[in-house]
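Naming: A, B, ... by sequence-line order, numbering from 1 per chain. Side chains included, hydrogens not; waters and symmetry mates left out as well; all remaining heavy atoms used.
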4 protein chains.
Amino acid sequence: MALTKTQSRTAAAVTGALPTTMRALVKERPEPGLVLKRVPLPRVGPTDVLINVRKAGICGTDAHIWDWDKWSQHRVHPPLIVGHEFMGYVAATGDAVRAVKAGDRVSAEGHISCGVCLLCRTGQEFICEHVQIIGVDRDGCFADYVAIPEHNVWKLDPAVPDDWAAVFDPLGNAVHTVMAAGVSARSVVITGVGSIGLMAIPVARAAGAARVIAIDLNAHKLELARSLGADEVFDARTPGLREKIYALTNGDGADVLLEMSGSGAAINQGLSMVRNGGRAALLGLPSDNVSLDLAENIIFKGLTVLGINGRKMFETWYQMQAMLTAGRIDLSKIISHVLPLERYAECFTLLKEGRAVKIVIDLTNKDG
Amino acid sequence: MALTKTQSRTAAAVTGALPTTMRALVKERPEPGLVLKRVPLPRVGPTDVLINVRKAGICGTDAHIWDWDKWSQHRVHPPLIVGHEFMGYVAATGDAVRAVKAGDRVSAEGHISCGVCLLCRTGQEFICEHVQIIGVDRDGCFADYVAIPEHNVWKLDPAVPDDWAAVFDPLGNAVHTVMAAGVSARSVVITGVGSIGLMAIPVARAAGAARVIAIDLNAHKLELARSLGADEVFDARTPGLREKIYALTNGDGADVLLEMSGSGAAINQGLSMVRNGGRAALLGLPSDNVSLDLAENIIFKGLTVLGINGRKMFETWYQMQAMLTAGRIDLSKIISHVLPLERYAECFTLLKEGRAVKIVIDLTNKDG
Amino acid sequence: MALTKTQSRTAAAVTGALPTTMRALVKERPEPGLVLKRVPLPRVGPTDVLINVRKAGICGTDAHIWDWDKWSQHRVHPPLIVGHEFMGYVAATGDAVRAVKAGDRVSAEGHISCGVCLLCRTGQEFICEHVQIIGVDRDGCFADYVAIPEHNVWKLDPAVPDDWAAVFDPLGNAVHTVMAAGVSARSVVITGVGSIGLMAIPVARAAGAARVIAIDLNAHKLELARSLGADEVFDARTPGLREKIYALTNGDGADVLLEMSGSGAAINQGLSMVRNGGRAALLGLPSDNVSLDLAENIIFKGLTVLGINGRKMFETWYQMQAMLTAGRIDLSKIISHVLPLERYAECFTLLKEGRAVKIVIDLTNKDG
Amino acid sequence: MALTKTQSRTAAAVTGALPTTMRALVKERPEPGLVLKRVPLPRVGPTDVLINVRKAGICGTDAHIWDWDKWSQHRVHPPLIVGHEFMGYVAATGDAVRAVKAGDRVSAEGHISCGVCLLCRTGQEFICEHVQIIGVDRDGCFADYVAIPEHNVWKLDPAVPDDWAAVFDPLGNAVHTVMAAGVSARSVVITGVGSIGLMAIPVARAAGAARVIAIDLNAHKLELARSLGADEVFDARTPGLREKIYALTNGDGADVLLEMSGSGAAINQGLSMVRNGGRAALLGLPSDNVSLDLAENIIFKGLTVLGINGRKMFETWYQMQAMLTAGRIDLSKIISHVLPLERYAECFTLLKEGRAVKIVIDLTNKDG
């Protein structure tokens, strides 16, 4: 784990009664699996904040790292503490930290941008080319403590429950996608209702969508989609589905596509359902190249296609906070499990077997 | 009333069992008052549609014409049938009409654009410089029949009640203002809750506003505003109101101002409540010049100020339809009276004495 | 050739000294080739304009129709007069025509929109789903006369030479693409410098591009590209070309891609050269599906990809006129040949053998 | 002068052979005038950069501070080193500085934003409510050395001459205004051609304006405006000027207004010249309230009015750099004088008597 120059001090220099070691879920070696073990507390630089993690969400990316798939082998360099979705309390601050103080209840943006490139300097740091992601490129949050630049810390509104604050990262993906697409008074098709696709349903409703149509292959998820506010839900394999969508949208096609599956088939199906002049926001990451009928589905239609990555720093966070504090979004049905850190293996099993929607790890039982 | 070349034929040429005369509320002479009398049916050109009016909304503009105020004296040329908000059924069509047919249940855009200027040819015909407004510049809809170009006709969705369809014109003003401002996940201040300001409340909520704050001088309207979904309502004379708005918006100020009063004091107050980088949409029409602190309230703040006129033709109509058919807007509390045409004098009295919110004239009792 | 209801009258009804027959380049049968023959003048409906064609541009689409390729077999229904780029003088007008009169010097938009769909009613008629294109879906302009709705006619500024006015259709494609992408103060890569790609170079310069880089396989076209104002030109096969583009753009990548080739390889290469957060406007039409690395080239990058079709009606036309009358664009180097109608076969040969850039057919020699 | 926490170290801690005192132009007491004197070098915090100033531009704001006008009395707290436009070389860096190093040739954004408010965290730090401006709220650049946060430093391209780099602040105002308005293929009216208004002319041309019309009261400035690329120039008092502008813009009115004067009369005149649906960007700061015909000039017209403040950080800087390195802008005619620091009194006299356009102070003669 390469540390930046400003992370060269130990926590000891900046804190008082902190423990010297902590629990952490670690990818120790380049092979499948994760290990729960005690490790030293992270070092805290002058512009960093040390956060005592209370709740942390498990993401599909974490499962990829557990599995040590092709992507992980290429990207991740063990040893590494995994995890990037979390909330907690500030335990200590570096001496150049200005606006965050010990005791603050916080979540954080896990994308550490470089701060000096074109993108960082033009309000687009969420797509900084030199980004480092916690739990992927540097130590993450499946641990009692995580260190992160003050710049990345988000102070929580008291109205937001801990479990919801723990999943601001994926909720932010949903909010970013919905807001980039623009859904006010529009009909919206969502392809893929995994946990982010499901979150996108109440988010799109809160953001003003006039009609939300969810498409997936999983009947259970579609049922959940409906209970979260989808006006219509469809199995992607329904015969004549494109025509049904057109019939539901006055024969014009949907105004907006939110692609949340990363499946090539879903991308093509989704694009075929968007009306001329419509907008498609792509968040789901295909693992391979996708063959597209560009002429028919994008060019003739005059479509606008948006690649969506991460969360706008920090416009998305303000939007998320506005929706949550206004009571427009309810995540309780999406967080299916809250389990203590020690049961981490069970969490990954539940997730990989499709028996969970969103799992939150609880780190409050000790060491907090 | 100057007719265009295409309006040179009589209805006789295009219809069957139509009566030869009809009831109409007419400004006969350049003086206060209106007269209910029988007049010939309007002539219908080849690209025109003749509509049997069922319900029609009364607007403040109609009251100005009744009063024969300065603006009316300058703009209106009697004799003229007044009224511009309505719904009804198509009775006859000119022979070049292509997509509307007798029996269609319709409303219509009352701004007749020229069709050939820069604005008409670039999707901005709602601000056509040569616009003619029905009930102002040419015969209007407070009559059993009105003739209007096919281009301006809007076919109604069966889900929309007649009384609501009769007020698509002012509802469209509200939708246009809200959508131009952009309210998704934003805090919104509305200054002035007359009938359009009141409509803007459910519209802003439907369009995704995270918080709606209504400001007016009329306690009854503010109460109604709250019942329509305003999160907070304030008397404009409340001491320290600007600070209260800032406190409600994390100290930043409101993201968006929707100015619906036309009062100079309200415009200044509203602008002072918008945050740096915010947006202000001005719909209310000041009767005189307004003195503004441009440096403090617009330039230093980096504000975007939008002049709003009419309804986008026909983007606003599609948005309005989407919101209504999705059941996101309820107008029942705003339409305070539905009265037959013969009681027109009572309608204007109610309106001018501030005892009504929105009055719909019912023309179905006879002659329909 | 299916005529609309309003095209049911003969020209005889509306004109005086017109001939009864005219020259026309016709696809007579479903097979390769075109035939120059005499045919009756087109019928002119009440809202139509009859134009005496003086100059007409040949497009790649015309060559496809000559060749009777797969696309043509599917789309075109002989007999049909081909050609869709032209200028001329108004010879006659239908009796409901309001703003165009005999003698006007005009060009015209060849996309005949339906006028009543969602897109036509929201300022996006250029992507009307029911569009009919002259020379493809209904009779075109390689003839002494062509009939077209008044709505589609564009009056020419005297400052625009005939030969340039004849190619407003492809020039409009270039202007639409450049303006949709937004090039002010940005670095622009153009992939594919056929005639539209070449036009895009001075257009991008006129629209404010800070740097224009042209990429193609044809050395002659690249040389022409440079003479038209490209700051850098590259053979697409240059080793390490992506790195060279990054080096030319401060290591960030190009701000904007204008894809004008329709080649899958060029689309992938072009997308790889755009910086994070950049914009790509796709005008070139791939003949087959294209395999894209969506994750790497669009999603992670946060790219905005725009499908571009036709010309905005008529925003693009106003922009084109503004650039031309300001003297910011010079097309003389792009129009390589002006040949009389009788030499049509030679024109198609020159075009297909790559010996011409843009060919204009001259119809003024007789019958005009 | 209130120093932030991070400015608590002396330069001595971070540099080698620096002098201990320097020349500085200082507002010593709350009264008219400035004093050239020797003062200690500024203190440099861990995230700060110490810059050896070579060239510095004089702004109207500096003249206001000299005069000790009402605004200055309210805003400025002596003692203060004035000046905010400059270029120079990095002399030393704080120990947390990451991307800037001694010897770098730089300019800098003089607006020091707080970094933690809503605006700073959403890409709009140029309108940070807590902004501090160098030379106004904290020590400025009319001195041999100035300290500024690394965040604000802009590394210069070698292609940009020193004198031009010294005026990036006002040039950035012009670029920000032009780019916010959007001028590609549009007609542009500029009201007020002081030094920023003059800069806006080549900037608008470079950004793609199709026609630039300059309006002022000063014949010499208008002559200069024409030589800088204005297509038309007018004395604001020309009878029938509004009609002339409409005649020059096909009877529609100008697409865009760039208001650079701050004069109420010019603002009203300028707004009256913009077409329906047009855009007006206001940069000039009125000293008092301005009375506007909102109904006629903004609301009915459907105008978009933009308040413009400072420069986008740092999008404007990238745009400015792109235009300059592409050779699209030439500032030589605008910089009328380059004079040594010791002749500062003469500079202010020239400026106040209207005998200069833009004056650059040269600090290279000694102490550099």
* Return yes if some donor-acceptor pair links the side-chain N/O of R98(C) with the main-chain N/O of C114(B) below 3.5 Å, else return no. => yes
Tightest non-hydrogen contact, residues R121(B) and E150(C), listed as NH2-O, 4.5 Å
Taking a cut-off of under 4.5 angstrom between non-hydrogen atoms, the residues of residues 152-172 of chain C near chain B are N152(C), V153(C), W154(C)
Against chain B, residues from residues 305-323 of chain C with at least one heavy atom under 4.5 Å, in numeric order, are M313(C), F314(C), E315(C), Y318(C)
